[in-house]
Amino acid sequence: MQIILGIPGGIAAYKSADLARLLTNQGHRVRCILTEAGARFITPLTLSSLTGEPCYGANPDQGEWRANPSIEHIELARWADIMAVVPATADLIGKAANGLASDLLSTVLLATRAPVLWAPAMNTGMWSHPAVQANLSRLRSFGHAVVDPDDGLLACGEEGSGKLAQVDAIAEAILMHGAAKLRSLNGKRVLITAGPTREDLDPVRTLTNRSTGAMGIELARAFRDAGAQVQLVLGGDLPAPWGVETARVRSAQEMLAACQARWSGADGLVGAAAVADQRPETFAPEKVKKGEGPENLVLVRTPDILATLSAARRPGQWILGFAAESENHLAHAAAKLQKKQLDGVLVNDVQGGRAFGDQTNTLTPVTAQGPQAPIGPLSKDALARAVVQWWNFQIEGRGTVQ
Ligand code: C5P
């Protein structure tokens, strides 16, 4: 695995040398990026000697230990399978939570698409300050992982929470999160439904909803980028994403048939489509003429795609659903999880028309363990990547997916 270890200025920085050595000895490639303050606590020579890889610095003019000045921050950002910041300082956490990019480390953190893990270490007062906790919540909402500090005697002489977690535990967390991309989804076949369905009354009229399919399409891209073979069953008019086998459908019945044809070959299913719950009882082959006075439209239920596929699943297949609710959304999601026998439900709060067609969105995952930390608000592409990372972590943690 290719690991970038970011080391800002904290007294626990010396422990990063141990971490770098441990990971290198396990056969991983570790490249360190020091901030200017980090370089006051530990030297680049120590790190490059331990890892056998270049150590990068805060500024281009610190050339003596910026081994390859031609490597840009973007190349480093792409190189990483995972980035870990150890010890994570209040300052860097605050910067990253607010998207600041004022030196090499904060810039690479902003540019990377790899999972990011933070192992904070700081004085107890700083650790418990609401500003630091709010910044960490924001990082979690981006899909970043946090290895909480331990309790103990701190370098400042105070006793309490804020001591860097054990190096072994941090190494394990890095490998688990970094491996998610390389292991769980590589070659896995993921079936995704997206977009609205259209239930035709006659050749010109149709019943549909306000979904565009944007979220499901971004999820298809994010699963594809994480190594999965994605099959997309897509309603609506948006263009299909590159590199994703796409079946276009119109009605709920067509969507079900397309999914049934693909489900047995899939490892998992993400039901992101906004499937119409009702369709007209009959389809009139000729345009229906307007009548005099009130007119009635008889509707019948469409098949529930997730529930049908869930009932036909083989062991190891996982299913994620969505819920768009305007009130009491977590309770409804928990009921849906149970009723359709899903592994997770991602809840949209659609009060006041939010979510459909919006550029940014927030999703709250609900699993058998209950509601989890909300992911977002993020643009739909970043949200999709964060959801894939979250789900990877669940898969890794449970270890139930073959
Ligand atoms: O029951 P409800 O429509 O609220 O559930 C939403 C979830 O179920 C979404 O994941 C949606 O894609 C899926 N669904 C389905 N077939 C239906 C209705 C919803 O697969 N007929």
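All ligand and atom numbering here is 1-based and tracks the order in the structure. Index from 1, following the sequence. Please read these numbers as outputs of a predicted model, since none were measured by experiment.
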Residue set satisfying side chain to side chain contact (heavy atoms under 4.5 Å, CB included) with R189, at least two apart, ordered chain then number -> Q229, D267, R314
Residues passing the side chain to side chain contact (heavy atoms under 4.5 Å, CB included) test with S137, sequence neighbours excluded, are none
_Checking T89 against D91: is there a side-chain donor and acceptor pair closer than 3.5 Å?_
no
Review item, side-chain donor-acceptor pairs of residues 298-310, under 3.5 Å, at least two apart:
residue : atom : partner : partner atom : Å
R301    : NE   : D277    : O            : 3.2
T302    : OG1  : A276    : O            : 2.6
T302    : OG1  : D277    : O            : 3.1
D304    : OD1  : L306    : N            : 3.2
D304    : OD1  : A307    : N            : 2.9
D304    : OD2  : K340    : NZ           : 2.8
T308    : OG1  : D304    : O            : 2.5
S310    : OG   : K340    : O            : 2.8
S310    : OG   : Q341    : O            : 3.1

### Message
Ring of W79, cation from R31 - is the NZ or CZ under 6.0 Å from the centre and inside 45° of the axis?
### Response
yes
Pocket residues around ligand 1 (non-hydrogen, under 4.0 Å) come out as G271, A273, V275, D277, T302, P303, D304, I305, L306, G321, F322, K336, K340
Partner of V86 under side chain to side chain contact (heavy atoms under 4.5 Å, CB included), picked from L19, D18, I7, is L19
